[in-house]
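A short write-up of the structure that comes next.
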Amino acid sequence: MSASIELTDLPFGLLVDERGELRPATSKVERRLSQMAGMYADAEAERAAIADGDPLVYEVHQYDMPQHPGELVVCTTILHAGKVGEEFFMTKGHYHEVRDRGEVYYGLRGEGVLVLARNDAAETVPIGPGVVAYVPPHWAHRTVNTGSEPFVFLAVYPGDAGHDYGTIETEGFPQSVVARDGAVLVTRREQA
Ligand code: M6P
Ligand code: ZN
């Protein structure tokens, strides 16, 4: 870590609402289904949905921070409602590049599940408004919208954590969250 990095040494407040608006935000990311191709188990349904309008799956609004372990990045995620085949819309999911960095999520709107994986272990934590969910260091994490309205949450993580998507793209998560017979089911993922 460079000693010349400029740290944020003045306190400030951000405004967040249940729609996921963060004011001010310094960056916004939009992820369409085509930008996460290959992640859903039903490859045929995925292809058809991309051809049929390529839906917006989620947005991240962020207040960026210096990449320093003492800083904390704040962001919101707006994960839209929808399915690819029987699998609910989800984020790409990532490990932190610096593996021993944790994260906190706080549910603002809608219903979802935090899916976590580490080696052969897999866990899920339901999140709704008012729930604080903890992602311990070393766990890959992804969120899934299991409801019919946007699932919105706030996340806070260390400035130097970084996002490792490559490991997830190669290995996938051991679990999928699907709708079956009207119920939400966490299943062992069938590889596409
Ligand atoms: C949460 C945080 C962000 C992450 C976002 C979307 O808000 O964990 O760091 O970017 O979810 O998830 P992903 O980056 O895996 O697409
Ligand atoms: Zn993270």
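Numbers here are sequence positions counted from 1. Ligands are counted one by one from 1 in listed order, and the atoms in each one are counted from 1 as well.
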Check: Other than Val152, what residues sit in its cluster of Ile, Leu, Val, Met, Phe, Trp and Tyr side chains whose heavy atoms are under 4.5 Å apart, directly or through others?
Finding: Phe12, Leu14, Val16, Leu22, Tyr63, Met65, Leu72, Val73, Val74, Ile78, Val104, Tyr106, Leu108, Val132, Tyr134, Leu154, Val156, Tyr157

Checklist line | For atom 14 (O) of ligand 1, closest protein heavy-atom neighbour | finding: Tyr165 OH, 2.5 Å

Note to self: What verdict does the salt bridge (Lys or Arg N to Asp or Glu O under 4.0 Å) test give for Lys28 and Glu59, after you've listed the backbone C-alpha separation in whole Å, the side-chain angles of each residue and the deciding distance to 0.1 Å?
What the structure shows: CA-CA 7 Å; Lys28 290 187 184 180; Glu59 300 161 56; over 6 Å; no

Check: Heavy-atom contacts under 4.0 Å between Glu103 and ligand 1: side chain, backbone, both, or neither?
Finding: side chain

Note to self: Taking side chain to side chain contact (heavy atoms under 4.5 Å, CB included) as the criterion, tell me which of Met36, Arg32, Lys92 meets it with Val57.
What the structure shows: Met36

Next item on the list: Between His96, Arg142, Gln35, His94, flag the one that comes closest to atom 15 (O) of ligand 1 by a heavy atom.
Entry: His94

Item checked: N or O pair under 3.5 Å between Phe153 and ligand 1 -> no

Note to self: I'd like to know if the side chain of Thr76 and the backbone of Phe153 have a donor-acceptor N/O pair within less than 3.5 Å.
What the structure shows: no

Notebook entry, point to check: If you measure every N/O of His141 against every N/O of ligand 1, is any gap under 3.5 Å?
Noted result: no

Next item on the list: Check ligand 1 against His163 and write out every atom of the ligand that is under 4.0 Å from a heavy-atom position of the residue.
Entry: 3 (C), 4 (C), 9 (O), 10 (O), 14 (O)

Margin query: If the cut-off is 4.0 Å to any non-hydrogen atom of Tyr58, which atoms of ligand 1 fall inside it?
Written below: 6 (C), 13 (P), 16 (O)

Note to self: Test your reading of the model: is there a side-chain donor-acceptor pair from Asp164 to the backbone of His96, 3.5 Å cut-off?
What the structure shows: no

Notebook entry, point to check: Taking the side chain from His141 and the backbone from Trp139, do they hold a donor-acceptor pair closer than 3.5 Å?
Noted result: yes

Margin query: Quick test of your reading of the model: are Glu123 and Arg118 salt-bridged, counting only N-O distances below 4.0 Å?
Written below: no

Item checked: From CG (Asn145) to OG1 (Thr77), nearest 0.5 Å -> 11.5 Å

Notebook entry, point to check: Can you tell me which residue and heavy atom of the protein come closest to atom 1 (C) of ligand 1, and the distance to 0.1 Å?
Noted result: Thr77 OG1, 3.4 Å

Note to self: Out of all atoms in ligand 1, which are within 4.0 Å of some heavy atom of Val60? Include the element for each.
What the structure shows: 5 (C), 6 (C)

Checklist line | Identity and distance of the protein heavy atom lying nearest atom 12 (O) of ligand 1 | finding: Thr91 CB, 3.7 Å

Note to self: Distance check, rounded to the nearest 0.5 Å: Phe173 atom CZ versus Met90 atom CE?
What the structure shows: 8.5 Å

Item checked: Nearest heavy-atom neighbours spanning Gly38 and Glu46 -> N-OE1, 2.7 Å

Next item on the list: Flag the pair Thr124 / Leu114 as yes when at least one side-chain heavy-atom distance between them is below 4.5 Å, and no otherwise.
Entry: no

Note to self: Would Thr76 count as being in polar contact with ligand 1, using the rule that some N or O on each side must be under 3.5 angstrom apart?
What the structure shows: no

Next item on the list: Using the ring of Tyr58 (Phe, Tyr or Trp, six-membered ring only), decide whether Arg142 places NZ or CZ under 6.0 Å from its centre and within 45 degrees of its axis.
Entry: no

Margin query: Considering the Zn ion (ligand 2), could you give the total of protein N/O/S atoms lying closer than 2.8 Å?
Written below: 4

Note to self: Taking 4.0 angstrom as the limit and counting only heavy atoms of Ala155, give me the atoms of ligand 1 inside it, by number and element.
What the structure shows: 1 (C), 2 (C), 7 (O)

